[in-house]
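All remarks here apply to the structure that follows.
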Amino acid sequence: MNKLNIRTTIYGTLLFFSIALNSSAQEVTDSTDIFWRHLQLNEVVVTGVTGDTKLKHTPSAVSLLRSKDLRQTPSTNIVDAIAKMPGLSQITTGGGISKPVIRGLGYNRVVVSVDGVRQEGQQWGDEHGLEVDGASVHSVEVLKGPASLLYGSDALAGVVILHTTPLLPEGEMGGNVSTEYQTNNGLVDYSLRFGGNQKGWLWDIRYSGKWAHAYKNKYDGYVAGSQFREQAVKGMFGVMRHWGQSRLTLSYYHLTPSIVEGERDEETGALECTTDDVKTYAKALPFQQVKHYKAVWDNSLHIGESQLKANLSYQQNQRQEYEESADEYGLYFQTHTLGYDFRYLSEEHSGWRYNFGLNGMYQRSLNKGEEFLIPAYHLFDIGLSATASRQIDKWTVNGGLRVDRRWLHSERLEEEGEVRFESFHRHFNGLSGSLGAVFNASQQLNIRMNFARGFRAPNLSELASNGEHEGTLRYELGNSSLKAENSWQADLGMDYSSHYIGAELALFANRIDHYIYASKTGELSDEGHAVYAFRQGDALLMGLEAKIDFHPIHSLHFGNSFSMVSARQMHQPADRRWLPFTPAPRWLSEVKWEINHHGKVLNNSYLSFEVDQNFRQSHYYEADGTETATPAYTLLNLSAGADIMVKGKKWAEVSVSGTNLTDRAYQSHLSRLKYADVNPVTGRRGVYNMGRNVVMKVTMFF
């Protein structure tokens with residue numbers, strides 16, 4: 001897609017949005033019209049800003065994914081399920097590992113919050129996914145832009161908040177059973193949940209399992225090493241009284257992904273496989289064992305009209321890598337994290353509401369294997385924050401400040417008489433803040449503006465890595481003198497909703513000082529892998545997200561979304577001008593027919609056809625062959641589903657989806673497997689993404 005066509009697409013999207021704003025909207029009434037309720041997002045409550053806040057009063061960019069939409073989305077993991085939200089994308093390693101990217105920024109620049117605490121695993125690693133059971137996620141809230149004000153370091157790009165199943169009303173018990181099958185990789189999963197709320201005593205228990213063999217595409221056939229297995233169990237127990245509530249959540253997650261090495265047979269070009277059956281569900285060398293344990297004690301106390309929230313957590317992440325033998329690991333990272341978060345949400349004083357916070361964590365990471373990539377370390381950080389908000393007629397203004405301090409100690413390691421890692425101490429100070437306003441021009445139209453400063457301390461991989469392992473396809477060298485990243489971001493957005501049109505537009509500009517990235521040095525390791533070193537520079541990211549949902553008739557939805565980001569490194573030559581791992585411009589278009597909403601047997605039936613257009617990415621980090629351009633590709637998807645009713649109550653949800661219907665062979669620009677070995681027969685480099693796939697889901701409620 002050339003520049004002229006991209007500009008045409010952008011201008012067309014903006015023109016469509018302006019037409020929506022100038023169209024005559026009907027007067028909002030007390031009608032129970034389900035379609036109007038579907039579009040009227042202003043009354044949705046978000047939690048990731050300064051507590052429970054209506055979307056119409058939120059100055060920062062926020063995207064929401066509802067529970068039913070999440071269940072209807074075909075995916076192999078939770079990040080894959082949310083990657084179609086405007087401004088979001090994913091860095092992938094095969095079918096089972098995905099990392100979230102917000103507006104072109106990923107890795108430790110995105111915080112993921114689950115059960116009210118930030119998920120702490122090995123998120124610095126290229127092939128380290130998110131240790132979360134997708135079946136336990138009820139809905140998703142995404143804050144786009146620096147959110148360091150509430151979450152501290154690492155929220156430079158934003159926050160992905162994964163909401164778990166809400167509490168049942170007093171006196172009720174219930175649950176569900178779900179299962180799924182995917183034809184391409186033979187994925188089979190199930191999840192069982194049971195919860196209740198009896199006389200103020202709360203509980204919710206879930207068990208999930210998932211298996212998948214290697215996925216396939218028409219260029220590579222079955223991709224050896226892309227199989228994975230997953231198991232998870234979670235339990236919540238709590239009490240709710242007049243003084244507030246207290247809940248304890250315990251969870252265990254276990255993922256066993258094999259590793260795609262991309263090595264090929266010299267004569268046939270086929271991917272080499274370490275097992276006799278490439279479609280096996282069993283683990284194949286090399287593979288990883290990932291275990292994540294978590295305990296969260298969440299408390300909320302009422303103090304008059306004010307509220308005190310106290311959250312204490314413990315997480316343990318274990319990541320073992322098996323290369324030569326299934327009985328002996330090489331790499332073994334074990335990380336312990338103690339988290340604390342205290343917040344005071346005040347009652348209203350002269351029209352103002354104030355929030356004060358104290359949060360941070362202590363982390364200890366150990367090397368327990370025979371191979372090493374990063375040193376053992378421990379860190380402690382603390383952050384103090386204060387925010388204020390007020391509504392003045394049609395305006396809502398809010399802002400705040402935060403100060404952070406992080407202490408980091410890296411431990412010395414000698415290997416065979418030589419120093420592998422030197423001991424060093426670093427500390428980082430951060431100042432974050434935001435100031436924003438929302439103008440509620442009418443019940444249909446809101447205009448938002450926000451200015452924020454974010455902060456991120458470099459992680460241990462960036463500071464001190466020195467090694468390679470099977471999952472990275474590269475040797476990494478850290479730089480212990482790296483500075484902390486600081487960003488300044490400006491946002492301008494608006495949203496509009498009526499009986500027939502819902503539209504959103506968000507523009508942003510983000511200047512990041514001391515941006516950290518990895519690039520090739522031009523050298524090779526002893527194992528023959530390319531050597532990457534971490535560097536810094538100043539970056540400027542600019543982009544937009546536009547979305548419009550048009551209803552020519554009530555039962556027909558014509559939805560379009562377009563997102564793009566330009567991620568440029570400042571004051572650099574042409575081959576170093578663009579930042580690595582920047583998503584290509586993307587346009588999603590969907591026609592959805594909602595067949596009925598009052599059926600006695602089949603209710604809320606729908607049929608949907610989607611075009612997923614990914615444009616050519618010609619802005620890439622070219623120096624030393626670090627990245628290459630990625631051609632455009634188009635994916636066609638089709639889905640249908642319905643609720644099954646029994647005696648007026650929903651008994652089950654069923655859906656069937658077909659993705660990549662034309663079996664297009666393509667490579668995402670954010671796929672790490674794009675840079676695997678060249679096929680000696682075809683001359684194509686790397687491994688391609690999944691081909692045609694049919695997904696069948698059933699969820700039964702009781």
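This structure is a prediction, so every number in the text was calculated from the model and none was measured.
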(request) Check the pair Gln315 / His292 against side chain to side chain donor-acceptor pair (under 3.5 Å), numbers first and verdict last. (result) CA-CA 7 Å; Gln315 299 177 69; His292 194 87; 3.0 Å; yes

What about the rings of [X] and [Y], do their centers lie closer together than 6.0 Å?
{"X": "Tyr314", "Y": "Trp297", "value": "no"}
{"X": "His529", "Y": "Tyr475", "value": "no"}
{"X": "Phe380", "Y": "Tyr362", "value": "no"}
{"X": "Tyr293", "Y": "Tyr253", "value": "no"}

Donor-acceptor under 3.5 Å ([X] side chain, [Y] main chain):
{"X": "Asn367", "Y": "Ile374", "result": "yes"}
{"X": "Gln617", "Y": "Pro583", "result": "yes"}
{"X": "Asn217", "Y": "Tyr219", "result": "yes"}
{"X": "Arg426", "Y": "Leu482", "result": "yes"}

Side-chain touch [X]/[Y], heavy atoms, less than 4.5 angstrom:
{"X": "Asn486", "Y": "Ile512", "value": "no"}
{"X": "Glu261", "Y": "Pro286", "value": "yes"}
{"X": "His378", "Y": "Ser365", "value": "no"}
{"X": "Tyr215", "Y": "Val260", "value": "no"}
{"X": "Val565", "Y": "Thr582", "value": "yes"}
{"X": "Leu463", "Y": "Leu408", "value": "yes"}
{"X": "Glu411", "Y": "Phe421", "value": "no"}

Approximate separation, where rounding is to 0.5 Å, of [X] [atom1] and [Y] [atom2]:
{"X": "Met570", "Y": "Asp513", "atom1": "CE", "atom2": "CG", "result": "8.5 Å"}
{"X": "Phe534", "Y": "Asn479", "atom1": "CZ", "atom2": "CG", "result": "10.0 Å"}
{"X": "Asp80", "Y": "Ile97", "atom1": "CG", "atom2": "CD1", "result": "12.5 Å"}
{"X": "Phe581", "Y": "Ser671", "atom1": "CZ", "atom2": "OG", "result": "8.5 Å"}

Salt bridge between [X] and [Y], side-chain N to carboxylate O under 4.0 Å?
{"X": "Glu272", "Y": "Arg264", "value": "no"}
{"X": "Arg343", "Y": "Asp341", "value": "yes"}
{"X": "Lys520", "Y": "Glu627", "value": "no"}
{"X": "Asp115", "Y": "Lys234", "value": "yes"}

Looking at [Y], I'd like to know if the NZ or CZ of [X] sits under 6.0 Å from its six-membered ring centre while staying within 45 degrees of the ring's axis.
{"X": "Arg109", "Y": "Tyr515", "answer": "yes"}
{"X": "Arg685", "Y": "Tyr675", "answer": "no"}
{"X": "Arg229", "Y": "Tyr281", "answer": "no"}
{"X": "Arg474", "Y": "Tyr532", "answer": "yes"}

Shortest non-hydrogen contact from [X] toward [Y]:
{"X": "Gln363", "Y": "Glu120", "value": "NE2-OE1, 3.1 Å"}
{"X": "Pro100", "Y": "Val160", "value": "CB-CG2, 4.4 Å"}
{"X": "Phe455", "Y": "Asn429", "value": "CE1-O, 3.5 Å"}
{"X": "Ala284", "Y": "Thr274", "value": "CB-OG1, 3.5 Å"}
{"X": "Asp404", "Y": "Ser153", "value": "OD1-N, 4.5 Å"}
{"X": "Asp220", "Y": "Gly686", "value": "OD1-O, 4.2 Å"}

Just wondering, are more than 12 heavy atoms of other shown residues or ligands nearer than 6.0 Å to [atom1] in [X]?
{"X": "Glu415", "atom1": "CD", "result": "yes"}
{"X": "Glu414", "atom1": "CD", "result": "yes"}
{"X": "Lys216", "atom1": "NZ", "result": "no"}

(request) Could you please spell out the steps behind the side chain to side chain contact (heavy atoms under 4.5 Å, CB included) verdict for Tyr322 and Gln288? (result) CA-CA 6 Å; Tyr322 297 78; Gln288 295 183 4; over 6 Å; no

(request) Take Gln318 and Tyr332 through the side chain to side chain contact (heavy atoms under 4.5 Å, CB included) test and state the conclusion after the steps. (result) CA-CA 7 Å; Gln318 300 177 9; Tyr332 182 5; 3.5 Å; yes

(request) Given side chain to side chain donor-acceptor pair (under 3.5 Å), test Gln569 with Asp538 step by step and report yes or no. (result) CA-CA 6 Å; Gln569 190 171 190; Asp538 295 335; over 6 Å; no

(request) Go through Arg576 and Tyr621 one step at a time and tell me if the side chain to side chain donor-acceptor pair (under 3.5 Å) criterion holds. (result) CA-CA 5 Å; Arg576 301 174 184 271; Tyr621 190 89; 2.8 Å; yes

(message) Quick one, Gln119 with Lys294, criterion side chain to side chain contact (heavy atoms under 4.5 Å, CB included). Give me CA distance, side-chain angles, the key distance, then yes/no.
(response) CA-CA 9 Å; Gln119 185 80 1; Lys294 183 161 63 175; 3.0 Å; yes

(message) I'd like to know whether Ile161 forms a side chain to side chain contact (heavy atoms under 4.5 Å, CB included) with Val140, so could you lay out the CA-CA distance, the side-chain angles of the two residues, the decisive distance to 0.1 Å, and finally the verdict.
(response) CA-CA 6 Å; Ile161 303 174; Val140 182; over 6 Å; no

